[in-house]
Amino acid sequence: MAFRKLTTLPNSASGTYIRLSAYRWDRVTREASAHFHLYASPTAAQATPGSPLCLIAVLRLSGAKFDEYMSPGALDAPGGSALKQLYAAARSEPLIAGGELTQVDFADAADV
């Protein structure tokens, strides 16, 4: 899974491929986080997976939002998996912007 969305950074670098690169969740504390990296293209991500343009966004879920996306019920739903739930949350929940951007929004990003 990944998102496709043209993103131009303040340093004029641009990319179209956004992939979840790392995540963690803790059911005891009811917290989850995920890091999304921007790549120039899917080909660039495949060729150099360790060389993204930047960390473009961080998603953090806690409490009720954690329960909504990462509870056993949400993960056991048809088609539910931790990755799918984190991508769904990134599409609709507030994100912490990276890459010197002031805001990031994946609501209109295409699934790839």
Side-chain angles (χ1 to χ4, degrees):
M1 291 190 79
F3 291 138
R4 181 177 54 233
K5 179 176 180 173
L6 176 61
T7 304
T8 302
L9 302 172
N11 68 3
S12 298
S14 64
T16 59
Y17 190 74
I18 300 161
R19 182 168 61 192
L20 192 154
S21 56
Y23 67 94
R24 62 163 279 288
W25 86 88
D26 185 331
R27 288 186 178 162
V28 174
T29 61
R30 295 173 49 220
E31 296 176 330
S33 64
H35 290 190
F36 292 85
H37 278 96
L38 174 66
Y39 294 85
S41 67
T43 304
Q46 297 267 320
T48 55
S51 299
L53 295 173
C54 71
L55 172 65
I56 192 168
V58 176
L59 168 70
R60 292 204 175 121
L61 302 171
S62 61
K65 288 297 179 180
F66 175 88
D67 294 340
E68 182 179 341
Y69 293 100
M70 302 302 289
S71 69
L75 295 173
D76 291 340
S81 73
L83 288 176
K84 286 183 181 180
Q85 291 299 97
L86 290 169
Y87 275 102
R91 191 179 286 289
S92 59
E93 299 301 327
L95 299 165
I96 300 166
E100 298 183 19
L101 295 168
T102 57
Q103 73 178 62
V104 176
D105 182 2
F106 297 150
D108 60 346
D111 292 326
V112 291

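Keep in mind the model is a prediction, meaning the values are calculated, not measured.
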Checklist entry - Among all residues two or more places apart in sequence or in another chain, which pass the side chain to side chain donor-acceptor pair (under 3.5 Å) test with Arg91? => result Asp111
Of the non-hydrogen atoms in [X] and [Y], which two are nearest, and what is the gap between them?
{"X": "Trp25", "Y": "Ala32", "value": "CB-CB, 3.6 Å"}
{"X": "Ala57", "Y": "Phe106", "value": "CB-CZ, 4.0 Å"}
{"X": "Ser62", "Y": "Glu31", "value": "CB-CG, 4.1 Å"}
{"X": "Gly99", "Y": "Pro10", "value": "O-CD, 3.4 Å"}
{"X": "Thr8", "Y": "Ser14", "value": "OG1-CB, 3.7 Å"}
{"X": "Ser41", "Y": "Thr16", "value": "CA-OG1, 3.9 Å"}

Next on the checklist: Check for me, please, whether Phe36 and Leu38 land in the same ILVMFWY cluster - side-chain distances under 4.5 Å, paths through other members count.
Outcome noted: yes
Checklist entry - Same hydrophobic cluster for Leu20 and Tyr17, using side-chain heavy-atom links shorter than 4.5 Å among ILVMFWY? => result no
Contacts under 3.5 angstrom, residues 70-85 side chains, donor-acceptor by atom type, not counting sequence neighbours:
| unit_1 | atom_1 | unit_2 | atom_2 | d |
| --- | --- | --- | --- | --- |
| Ser71 | OG | Asp67 | O | 2.8 |
| Ser71 | OG | Ala74 | N | 3.3 |
| Ser81 | OG | Lys84 | N | 3.2 |
| Gln85 | NE2 | Tyr69 | O | 2.9 |

Checklist outcome for this item: Apart from Ile96 itself, its cluster of hydrophobic side chains linked below 4.5 Å comprises Leu55, Val58
Side-chain heavy atoms of [X] within contact of [Y], under 4.5 Å:
{"X": "Phe66", "Y": "Arg27", "value": "yes"}
{"X": "Glu100", "Y": "Leu9", "value": "no"}
{"X": "Leu101", "Y": "Thr7", "value": "yes"}

Next on the checklist: Please determine whether side-chain contact (heavy atoms from CB on, under 4.5 Å) holds for the pair Leu61 and Leu86, giving the CA-CA distance in whole Å, both sets of side-chain angles, and the decisive distance to 0.1 Å.
Outcome noted: CA-CA 9 Å; Leu61 302 171; Leu86 290 169; 4.3 Å; yes
Item to check | Rounded distance [0.5 Å steps], CZ in Arg30 versus NZ in Lys65 | outcome: 12.5 Å
Answer yes or no: is there a donor N or O on one side and an acceptor on the other, between the side chain of [X] and the main chain of [Y], under 3.5 Å?
{"X": "Tyr87", "Y": "Met1", "value": "yes"}
{"X": "Tyr23", "Y": "Leu59", "value": "no"}
{"X": "Arg60", "Y": "Ser33", "value": "no"}

